[in-house]
Amino acid sequence: MDLLALADFNLVARHGGFGRAARAASRPKATLSRRVAELEAALDLRLFERGGRALKLTQEGRALYERTAALLTELDESAAAVASGGHTPRGRLRISAPLLFSQIAMGKLAAEFAARFPEVRLEVTTEDRPVDMIEEGYDLAIRVNPDPDETLVGRAFLRDRLVVVSSPVLVRPNDGSPIPAVVRGPFDRTDFWKIVTSTGSSSIRIDPVLSLSSIIMVRDAVRAGAGASRLPISLVSHDLAAGTLVHWGDVDSPEIALWTLYPSRRLLSARVSAFLDHIRAAFPTGSPHELAAYIGK
């Protein structure tokens with residue numbers, strides 16, 4: 001098989017069209033089209049559906065792309081490592097990260113990484129949705145409590161927990177009356193929050209008064225006295241220490257774990273390895289208070 005033609009096929013498949021692939025690689029569109037046609041002829045297979053505006057992979061084309069994309073990446077990285085005389089991280093590193101972690105920590109992490117590894121072109125995309133790392137071209141993903149995936153390798157690098165907090169002016173009633181609550185996302189029918197304190201478990205009756213789409217917005221509204229809310233302890237540790245917020249109890253819910261995930265490959269790129277080491281160094285114990293100290297006030 002012609003590896004150059006296979007590389008051109010992967011380029012077109014990754015960008016979803018000959019025109020976009022040609023612009024991304026600064027290659028003639030006609031050359032890419034010819035090379036892919038030659039590969040199809042050599043394999044006696046049709047790899048793309050050439051109809052309408054969109055260029056789509058056939059079933060055989062998708063299978064070939066999924067099986068060869070990682071292998072070609074390994075070949076490129078191995079050649080680059082040999083040419084450089086070592087394993088100096090260089091090239092493009094694409095990371096998908098969740099919204100909250102990106103807002104509070106990713107900018108600082110990215111800046112520190114860029115300073116240490118100036119030959120790496122780091123790109124971070126913020127999104128909470130599941131991503132297909134191979135299909136969308138990501139080298140690394142950071143996710144909260146991800147579902148098991150046999151195609152990915154990962155580890156938890158941070159752990160957090162939810163707590164119920166409010167401003168000091170809001171006092172929890174003793175008669176079980178509802179307290180004003182700030183919630184993330186649309187209003188739902190939840191009437192109670194279950195919490196755990198040093199004296200045991202209890203429930204707080206709530207009356208949602210604000211619905212906000214961002215955890216940062218929720219925290220700021222609680223700081224302003226709008227009501228109580230459930231927030232990650234890492235996000236309010238400084239407020240609790242300063243007395244600007246008060247802790248009512250821990251939310252009775254599973255632990256929050258942030259994971260780094262990457263495609264299962266025999267050879268891990270120097271770029272990904274460097275970032276994994278970088279994030280481990282930033283959070284050596286992975287505790288909520290470590291994250292709170294890292295992001296500051």
**Request:** Would you check, one step at a time, whether the test side chain to side chain contact (heavy atoms under 4.5 Å, CB included) holds for Leu158 with Phe101?
**Result:** CA-CA 11 Å; Leu158 271 176; Phe101 185 72; 3.8 Å; yes

TODO: Mind running side chain to side chain contact (heavy atoms under 4.5 Å, CB included) on Leu43 and Leu64 for me, showing each step along the way?
DONE: CA-CA 11 Å; Leu43 296 174; Leu64 182 64; 4.0 Å; yes

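Counting heavy-atom neighbours within 6.0 Å of Asp132 CG, excluding the residue itself, gives a total above 12. Enclosure of atom CG in Asp175 by more than 12 non-hydrogen atoms of other residues, nucleotides or ligands within 6.0 angstrom is indicated.
One finds the CG atom of Asn145 at 9.0 Å from the CH2 atom of Trp259 (value rounded to the nearest 0.5 Å). To the nearest 0.5 angstrom, Tyr138 atom OH is 13.5 Å from Leu261 atom CG. With values rounded to the nearest 0.5 angstrom, Leu99 atom CG is found 9.5 Å from Ile215 atom CD1. Between atom CD1 of residue Ile179 and atom CZ of residue Arg205 there is a gap of 11.0 Å, rounded to the nearest 0.5 Å. Between Asp139 atom CG and Tyr262 atom OH the span is 12.5 Å, to the nearest 0.5 Å. With values rounded to the nearest 0.5 angstrom, Leu235 atom CG is found 8.5 Å from Leu291 atom CG.
Taking hydrophobic clusters as Ile, Leu, Val, Met, Phe, Trp and Tyr residues chained together by side-chain heavy-atom distances below 4.5 Å, Phe192 does not share a cluster with Val163. Hydrophobic clustering (ILVMFWY, side-chain heavy atoms < 4.5 Å, transitive): Ile233 and Val196 are in distinct clusters.
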Can you list, pair by pair, the side-chain donor-acceptor contacts under 3.5 Å of residues 249-256, counting residues two or more places apart and other chains?
| from | atom 1 | to | atom 2 | distance (Å) |
| --- | --- | --- | --- | --- |
| Asp250 | OD1 | His247 | NE2 | 3.0 |
| Asp250 | OD2 | Arg161 | NE | 3.0 |
| Glu255 | OE1 | Arg159 | NH1 | 3.1 |

Using distance only, find each side-chain donor-acceptor pair of residues 166-173 under 3.5 Å and give its atom names and separation, not counting sequence neighbours.
| from | atom 1 | to | atom 2 | distance (Å) |
| --- | --- | --- | --- | --- |
| Ser166 | OG | Trp248 | NE1 | 3.2 |
| Arg172 | NH2 | Ser202 | OG | 3.4 |
| Arg172 | NH2 | Ser203 | O | 3.3 |

Let me check something: any side-chain donor-acceptor pairs from residues 23-42 under 3.5 Å, sequence neighbours excluded? List them with distances.
| from | atom 1 | to | atom 2 | distance (Å) |
| --- | --- | --- | --- | --- |
| Arg27 | NH1 | Asp8 | OD1 | 3.0 |
| Arg27 | NH2 | Asp8 | OD1 | 3.3 |
| Arg27 | NH2 | Asp8 | OD2 | 3.1 |
| Arg34 | NH1 | Glu38 | OE2 | 3.1 |
| Arg35 | NH2 | Asp2 | OD2 | 3.4 |
| Glu40 | OE1 | Arg50 | NH1 | 3.3 |
| Glu40 | OE1 | Arg50 | NH2 | 3.0 |
| Glu40 | OE2 | Leu47 | N | 2.7 |
| Glu40 | OE2 | Phe48 | N | 3.4 |
| Glu40 | OE2 | Arg50 | NH1 | 3.1 |

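The side-chain hydrogen bond (donor to acceptor under 3.5 Å, both in side chains) search around Glu112 returns Tyr294, not counting sequence neighbours. Checked against side-chain hydrogen bond (donor to acceptor under 3.5 Å, both in side chains), Ser198 has no partners two or more places apart in sequence or in another chain. Considering only residues two or more places apart in sequence or on other chains, Ala221 meets the side chain to side chain contact (heavy atoms under 4.5 Å, CB included) condition with Val182, Leu210, Leu212, Ala226. Looking at residues two or more places apart in sequence or on another chain, you find a side chain to side chain contact (heavy atoms under 4.5 Å, CB included) between Ser287 and Thr285, His289, Glu290. Contacts of Ser96 classified as side-chain hydrogen bond (donor to acceptor under 3.5 Å, both in side chains), with partners at least two apart in sequence or in another chain: Glu127, Arg143. With sequence neighbours left out, the side-chain hydrogen bond (donor to acceptor under 3.5 Å, both in side chains) criterion links Ser211 to no other residue. Arg67 is linked by a side chain to side chain contact (heavy atoms under 4.5 Å, CB included) to nothing, counting only residues two or more places apart in sequence or in another chain.
Contact of the Leu240 side chain with the Val165 side chain is registered, since non-hydrogen atoms from C-beta on lie closer than 4.5 Å. Looking at Val12 and Tyr65, their side chains never come closer than 4.5 Å, going by heavy atoms from C-beta outward. Looking only at side-chain heavy atoms (C-beta outward), Leu93 and Val272 come within less than 4.5 Å of each other. Between Thr125 and Val131 there is no side-chain heavy-atom pair separated by less than 4.5 Å. Side chains of Ile95 and Met106 form a contact here, defined as non-hydrogen atoms less than 4.5 Å apart.
Residue pairs satisfying the salt bridge (charged side-chain N to carboxylate O under 4.0 Å, His left out) criterion with at least one member in residues 194-204, sequence neighbours excluded, are absent. Listed by first and then second residue, the ring pair (Phe, Tyr, Trp, His ring centres under 6.0 Å) pairs involving residues 111-134 are Phe113-Phe117, Phe113-Phe275, Phe113-His278 (not counting sequence neighbours).
Under a 3.5 Å cut-off, the side chain of Ser214 and the backbone N or O of Ile216 do form a donor-acceptor pair. The backbone N or O of Phe157 lies less than 3.5 Å from no partner atom in the side chain of Arg280, so there is not a single donor-acceptor pair. Between the side chain of Arg90 and the backbone N or O of Glu119, no donor-acceptor pair lies under 3.5 Å.
Across Arg20 and His15, no two heavy atoms sit closer than the pair NE-O, 3.4 Å. A pairwise comparison of heavy atoms in Ile295 and Ala105 identifies CG2-CB, 4.0 Å as the closest pair. A pairwise comparison of heavy atoms in Pro232 and Asp160 identifies CB-OD2, 3.5 Å as the closest pair. Taking both residues in full, the closest heavy atoms of Ala228 and Val222 are given as C-CG2, 4.3 Å, listed atom of the first, atom of the second, then distance.
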